[in-house]
Visitor: 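What follows is a structure written as structure tokens; I'll ask about it next.
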Amino acid sequence: MLRSGVILGPEEYVGRLPWWLARAARGGQVLAQAPAERHIQPVDVRDVARFAVDQAAATTTGAYNITHPEGITFQGFLDACFAVTHGAGRPVWAEPALLTEQAVKQWTELPLWRTHEEVWSVDSARAVEDGLRCRPLVETIADTWAWLQADGRPVDHPRWGEHGIDPDKEAKVLAALG
């Protein structure tokens, strides 16, 4: 059994990474959840698929947590989004309490933002021991941008439209940081 964490990459149907890429490309001040050095553990869909196929052919059994074993800081994630999109922007870090006070919705308005520490502290050591290999997340980010630029179209799914903060609301929250 595979228990995957957040899956990102080309052809993502949820829209988390594509939203961040589009936001980075727009540039300007970008609302981001503090702390900048918090590690996140999304995993590339291609790495999950490869591991699933390998495990289907293997003799091992049991449950596996599938998350990126090294992860990336959120600062590193945003830096990669700005770099691949050539976005002229900069993150403005907001503490979770301020985001909550401003009614910013976790997980959707700022995709990948959760206040629960456990969300991004999943041990995938067993999967790694049995063959999970994860590409650097900056590669996932670059490949997803390339897919979008080549007219990549998401699977028609209602969750796609749920992600991202409205620009007017983002401006209001940024002004509150003032």
Side-chain angles (χ1 to χ4, degrees), residues 4-10 12-48 65-125 128 132 134-148 159-160 162-167 169-178:
S4 63
V6 172
I7 299 173
L8 303 177
E12 177 189 340
Y13 77 91
V14 176
R16 291 181 182 111
L17 177 53
W19 183 83
W20 279 111
L21 288 164
R23 181 61 194 91
R26 231 176 44 234
Q29 291 185 326
V30 177
L31 182 63
Q33 63 273 18
E37 56 281 339
R38 182 170 189 192
H39 270 78
I40 59 174
Q41 297 175 285
V43 62
D44 190 295
V45 63
R46 298 164 294 183
D47 300 332
V48 175
N65 293 328
I66 310 299
T67 59
H68 199 291
E70 296 166 16
I72 190 170
T73 65
F74 208 78
Q75 175 76 58
F77 174 82
L78 287 181
D79 287 349
C81 289
F82 285 122
V84 302
T85 64
H86 305 289
R90 69 172 187 81
V92 177
W93 301 100
E95 292 299 325
L98 176 83
L99 294 172
T100 301
E101 178 184 299
Q102 295 291 320
V104 176
K105 295 177 193 160
Q106 292 185 49
W107 217 235
T108 54
E109 285 188 305
L110 288 182
L112 306 179
W113 171 50
R114 290 299 298 252
T115 57
H116 303 292
E117 289 296 322
E118 300 80 34
V119 170
W120 298 118
S121 59
V122 177
D123 183 3
S124 59
V128 170
L132 174 65
C134 293
R135 71 196 70 221
L137 285 164
V138 294
E139 182 179 324
T140 302
I141 293 165
D143 290 353
T144 302
W145 182 245
W147 166 68
L148 288 167
R159 291 186 66 193
W160 185 269
E162 294 175 3
H163 289 89
I165 191 168
D166 178 86
K169 184 174 182 178
E170 181 182 27
K172 178 184 167 209
V173 176
L174 288 167
L177 290 168

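Just so it is clear, the values below take in all heavy atoms, side chains as well, and ignore hydrogens, waters and symmetry mates. FYI, the numbering just counts along the sequence from 1.
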Visitor: Quick one, L137 and F77 - any side-chain contact, counting heavy atoms below 4.5 Å?
Guide: no

Visitor: Closest heavy-atom contact between G15 and H163?
Guide: O-CB, 4.1 Å

Visitor: Any chance you could lay out the side-chain contact (heavy atoms from CB on, under 4.5 Å) test for R23 and E170, step after step, and finish with the verdict?
Guide: CA-CA 11 Å; R23 181 61 194 91; E170 181 182 27; 3.0 Å; yes

Visitor: What residues, two or more places apart in sequence or in another chain, satisfy side-chain hydrogen bond (donor to acceptor under 3.5 Å, both in side chains) together with T144?
Guide: none

Visitor: Mind checking whether P10 and R46 have side chains closer than 4.5 Å, heavy atoms only?
Guide: yes

Visitor: So, do V14 and W19 sit near enough that their side-chain heavy atoms are less than 4.5 Å apart?
Guide: no

Visitor: Can you check whether W93 reaches L78 side chain to side chain, under 4.5 Å on heavy atoms?
Guide: yes

Visitor: Any chance you could measure E12, atom CD, to L148, atom CG, to the nearest 0.5 Å?
Guide: 9.0 Å

Visitor: If you look at every heavy atom in W20 and C81, which pair is closest and at what distance?
Guide: CB-SG, 4.2 Å

Visitor: Answer yes or no: is there a side-chain heavy-atom contact under 4.5 Å between C134 and E70?
Guide: no

Visitor: Once you round to the nearest 0.5 Å, how far does CG of L132 lie from OG of S4?
Guide: 11.0 Å

Visitor: If you compare all heavy atoms of I40 against all heavy atoms of F74, which two are closest, and at what distance to 0.1 Å?
Guide: CD1-CD1, 3.8 Å

Visitor: So do V6 and W120 actually touch side chain to side chain, heavy atoms under 4.5 Å?
Guide: yes

Visitor: Tell me whether Q41 contacts the main-chain N or O of V122 through its side chain, where contact means a donor paired with an acceptor under 3.5 Å.
Guide: yes

Visitor: Rounded to the nearest 0.5 Å, how far apart are CD of E162 and CH2 of W107?
Guide: 13.0 Å

Visitor: Sort and list the pairs that fulfil salt bridge (Lys or Arg N to Asp or Glu O under 4.0 Å) and have at least one residue in residues 100-116, not counting sequence neighbours.
Guide: E109-K169

Visitor: List the atom of R16, the atom of L8, and the distance in Å for their closest heavy-atom pair.
Guide: CB-CD2, 4.1 Å

Visitor: What are the two closest heavy atoms between W113 and V104, and how far apart are they?
Guide: CZ3-O, 3.4 Å

Visitor: Side chains of I7 and I66: closer than 4.5 Å at any heavy-atom pair?
Guide: no

Visitor: Do the non-hydrogen side-chain atoms of T140 and R135 ever get within less than 4.5 Å of each other?
Guide: yes

Visitor: Give me the atom names and distance for the closest heavy-atom approach of T73 to H39.
Guide: CG2-CE1, 3.6 Å

Visitor: Is it the case that the side chain of E37 and the backbone of Q75 share a donor-acceptor pair, with hydrogens and angles ignored and the cut-off at 3.5 Å?
Guide: no

Visitor: Would you confirm whether D44, through its side chain, and G9, through its main-chain N or O, come within 3.5 Å as a donor-acceptor pair?
Guide: no

Visitor: So, taking the atom named OG1 in T115 and the one named CD in E95, what distance separates them when rounded to the nearest 0.5 Å?
Guide: 12.5 Å

